[in-house]
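So the structure is just underneath, and the comments pick up after that.
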Amino acid sequence: MTRVSLSRLPGDRVLVVEGDGQRELPMTDLASYVGEREADEPRWVWDDTVRWYPSLLAAGVRVQRCHDLRLGHQLLRRAPAVDAQLLVGDQSTHWDRLGPSVPSDPALFSIDDTAEHLRTDLEDARQLAAVAASSDAPKLGLLLAAESAGALVAVEMTYAGLPWRTDVHERLLTDLLGPRPPRGARPQKLEALVAEVRGAFDAPGLNPDSRPDLLAALRRAGLEATDTRKSSLRALKHPGIAPLLRYKQLAHLFQTNGWAWTDEWVKGDRFRPAYQPAGSTTGRWSSNGGGALSFPAIVRPAAVADDGWMLVVADVAQLEPRVLAGMSGDRALARSARGADLYQGMVDDGAVASRTDAKLGLLGAMYGATSGESGRMVPGLTRRYPDAFGLVEEAARAGERGQVVRTLLGRGSPALGEAWERDPDDPPPDADSQARYRRAYGRFTRNFVVQGTGAEWALCWIADLRNRLWRLGDSGPLDARPHLVFFLHDEVVIHTPAALADLVAAEAAEAAATAAGLLFRDLTIDFPLNISTVRSYADAGKPGAAIEA
DNA sequence: TGCAAGAGCGCC
DNA sequence: AGGGCGCTCTTGCA
C-alpha cells in the first residue's frame with residue numbers, strides 16, 4: 001500500500017515523502033494535491049489528524065485512510081509486545097511529549113515554537129519497525145489502523161456536527177426553568193425551588209449548592225446525613241427532600257446544558273464537540289468541550305435531523321460482556337450471548353435465576369465487586385463461565401502483583417505507580433495503604449482488559465461503518481451523504497437522507513459483524529444492535545419509534 | 001485573586 | 001471496599 005507522509009516546513013510549506021522520493025508543496029496546494037492522490041488510496045501519514053484533516057474537509061476533500069503518528073507513538077510506547085527502544089531516535093523525545101492538539105487552536109497551520117518541524121517520515125519508519133519486530137504485529141497493525149480511522153471519524157464528526165434545534169432546546173429550558181435569567185442569576189423556577197427548600201428546612205439564607213450549608217440544615221431538621229448525594233438524600237424522610245432533589249436535577253441542567261452551553265457549543269444549527277480518541281487510558285475516547293460524552297438524555301429532544309433527513313441511532317446490547325466472551329474464548333458465555341439479550345441468555349442456559357442476577361454478576365466480575373448483591377453472584381457464575389470470569393480474575397491478580405495487562409489487540413495498561421506520584425516530603429505509605437492501592441490497581445486492570453477491548457471493537461465497528469456509509473452515498477458531495485454525527489462508546493448516530501435510512505441501518509449491522517470477525521475470528525460472537533430510525537435522538541430506543549416518520 | 005482539589009452528577 | 005471519563009460549583013490554600 002502506498003504510504004505518503006506529510007511534514008510541515010517553515011514558510012507554510014509541506015514536505016511530502018513517498019518511498020525514496022520527496023517533494024515540497026505550498027500549504028495552499030495541499031488540499032488539491034491530497035484530493036488528486038486519493039485516487040491511489042494512499043495511507044496518509046501525519047503527526048496529528050486534528051492538525052491536518054479539518055482544512056482538507058473544509059476544502060471538500062475526504063481521506064480514506066491515514067496513520068496518526070501521535071496516537072501511534074502513544075500506543076506503541078506502552079504496548080507490552082513492543083520494544084520501546086525501537087521508538088527512540090531523532091526527535092523521538094518530542095513525540096513522547098506530544099499532547100493532543102485542540103481543534104480550535106488558531107495556530108493550527110502556522111509553524112510556532114511548540115510545533116517543531118517534525119519529520120514524520122522518520123517517526124513513521126520507527127513505528128513500522130517497532131510493529132514488525134513485535135510478537136503481536138498483526139494485532140497491533142489492526143489496532144493502529146483502527147485508532148487512526150477513529151481519528152478521522154472524530155474530525156469528521158466535529159466537522160459535520162450533531163444537528164441541533166436551538167428553538168427546541170430553548171423551549172425545553174423555558175418549560176423546566178423559566179425564562180432565561182440575566183447573567184449570574186438563577187432562573188425563576190430554580191429560585192422558587194430554593195425558596196421552597198429554605199422554607200421546609202427553616203433556613204432562610206441556605207445555599208443549596210453549598211455542601212456544608214446543606215448538611216447543617218439537614219442536621220438541624222433532625223436528619224442524619226453525612227453527604228448530600230442524590231441517593232443518600234432519597235433515603236431521608238422530610239418534606240424538604242423532594243424540592244431539594246428537584247432543585248439539584250434542574251440546577252445541573254441549567255449549569256451544564258443550559259443557555260450558556262448553547263451559546264458556546266451550538267453554532268449554525270450544529271453541536272460540534274471536540275472528541276479525543278484514546279483520551280482515556282483504556283483507549284476509550286474522551287471529549288474536551290461541551291461534555292459530549294455525558295450528553296444527557298434530558299436535552300436529546302433538541303437533536304433533530306434536518307428536513308428530509310433522519311437519524312439512525314444504533315447501539316450494541318451488552319458490548320462488554322460479549323467482548324469478554326470473545327476474548328476469553330468462553331464457549332458457554334458465547335452460547336448465552338446468542339440472541340438479542342445476553343443476560344436473558346444466561347437465564348435460559350440455567351446459569352442464573354433471573355436477568356437481574358445475570359447482570360449484577362457480570363458487572364460485578366468486570367468491575368471487581370467484592371460484596372453486596374453483585375459480589376455474591378460472582379462465585380456461582382465463575383463455575384458456570386470459568387474462562388470468562390477467569391480472565392478478569394487473572395487480570396485483577398496481575399494488577400495486584402504490580403504487572404501491566406493488555407487488551408486483546410495489545411494496548412498496555414499504565415504501570416502501577418504511574419499515576420501515583422508521591423510528594424517526596426510525605427512519609428512513605430504504610431503497608432495498609434500500599435495494599436489498598438494495589439487492590440485498587442487490580443480493580444483497574446480487571447476492568448481495563450474488558451473496557452479496552454470493548455473500545456477496540458467499537459473502533460473497528462465505526463471504522464468499517466464509516467467506509468460503508470461513504471460507499472452508500474456514492475458520488476454525492478461531502479455534506480449530502482450519510483455520515484456519522486455522534487459516537488458514545490457503544491452507540492452511534494448517523495445523519496442520513498431519509499431515503500437511505502434503511503440501507504444505513506443495514507450497514508451498521510454489517511459493520512458490527514465485520515468488527516466481531518476482525519477481533520474474534522475463530523469464535524462466533526453475536527453483536528446484536530438496537531437500531532432506531534428517528535427524527536429526534538430522544539425517540540431512539542422507544543418501541544414503535546423506528547417506523548414513525 | 002487565582003488555582004487545585006473535592007464533591008456531585010451526567011454519560012458509558 | 002465498583003471501572004472509565006467531563007463539567008461545574010464550592011472550598012481551602014497560597
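In what follows, chains carry the letters A, B, and so on, assigned in the order in which the sequence lines appear, proteins first and then strands, with residues in each chain numbered from 1.
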Does [X] put a side-chain nitrogen or oxygen below 4.0 Å from OP1 or OP2 of [N]?
X	N	value
A/Thr282	C/dC5	no
A/Arg229	B/dG8	yes
A/Thr228	B/dG8	yes
A/Ser294	C/dG6	no
A/Arg443	C/dG3	yes

For this session: Start with the C-alpha distance between A/Trp259 and A/Trp265, add both sets of side-chain angles, then the distance that settles ring-ring contact (aromatic ring centres under 6.0 Å, His included), and finish with yes or no.
Result: CA-CA 10 Å; A/Trp259 292 274; A/Trp265 294 107; over 10 Å; no
Taking atom [atom2] of [N] as reference, at what distance in whole Å does atom [atom1] of [X] sit?
X	N	atom1	atom2	value
A/Asp490	B/dC11	CG	P	13 Å
A/Arg446	C/dA1	CZ	P	16 Å
A/Lys359	C/dG3	NZ	C1'	15 Å
A/Leu293	C/dC5	CG	P	12 Å
A/Trp265	C/dC7	CH2	P	7 Å
A/Phe448	C/dG2	CZ	C1'	18 Å
A/Asp263	C/dT8	CG	P	13 Å
A/Leu363	B/dC12	CG	C1'	11 Å

Would you classify [X] as touching base, sugar-phosphate or nothing, given that sugar-phosphate means primed atoms plus P, OP1 and OP2, and contacts are heavy atoms under 4.0 Å?
X	result
A/Gly289	sugar-phosphate
A/Leu488	sugar-phosphate
A/Gly290	sugar-phosphate
A/Ala292	nothing
A/Thr281	sugar-phosphate

Cationic N near anionic O, under 4.0 Å, [X] to [Y]:
X	Y	value
A/Asp341	A/Arg355	yes
A/Glu196	A/Arg246	no
A/Asp263	A/Arg180	yes

Exercise. Listed by chain and number, what are the salt bridge (charged side-chain N to carboxylate O under 4.0 Å, His left out) partners of A/Arg186, not counting sequence neighbours?
Worked result: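 If we apply the salt bridge (charged side-chain N to carboxylate O under 4.0 Å, His left out) test to A/Arg186, skipping adjacent residues, the hits are A/Glu191, A/Asp209.
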Exercise. Below 4.5 Å, heavy atoms only, C-beta onward: do A/Trp461 and A/Asp490 meet side chain to side chain?
Worked result: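 Side-chain contact under 4.5 Å: no.
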Problem set entry | Side chains of A/Arg211 and A/Asp227 in contact at under 4.5 Å (non-hydrogen atoms) |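 A side-chain contact exists here, since the closest heavy-atom pair is under 4.5 Å.
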Problem set entry | Listed nucleotide nearest any side-chain atom of A/Asp209, set C/dG6, C/dC5, C/dC9 |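 Between C/dG6, C/dC5, C/dC9, the one nearest the side chain of A/Asp209 would be C/dC9.
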Please tabulate the protein-to-nucleotide N/O contacts below 3.5 Å involving nucleotides 11-14 of chain C, giving atom names and distances.
| unit_1 | atom_1 | unit_2 | atom_2 | d |
| --- | --- | --- | --- | --- |
| C/dT11 | OP1 | A/Ser210 | OG | 2.6 |

Exercise. Do we count A/Tyr367 as stacking onto C/dG2 if the rule is ring centres under 5.5 Å and planes under 30°?
Worked result: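 No; by the centre-distance and plane-angle rule, A/Tyr367 does not count as stacking on C/dG2.
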Exercise. If we ignore angles and hydrogens, is there a donor and acceptor under 3.5 Å between the side chains of A/Asp68 and A/Ser148?
Worked result: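 Side-chain D/A pair, A/Asp68 to A/Ser148: absent.
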Exercise. When you look at A/Tyr53 and A/Tyr159, which way does the ring-ring contact (aromatic ring centres under 6.0 Å, His included) test go after all the steps?
Worked result: CA-CA 10 Å; A/Tyr53 198 24; A/Tyr159 174 76; 8.5 Å; no
Exercise. Which residues, if any, of residues 245-260 of chain A bring a heavy atom under 4.0 Å of DNA chain B?
Worked result: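 Per residue number, the list reads A/Lys248, A/His252.
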Exercise. Do A/Phe201 and A/His238 have ring centres separated by under 6.0 Å?
Worked result: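 That pair passes the under 6.0 Å test.
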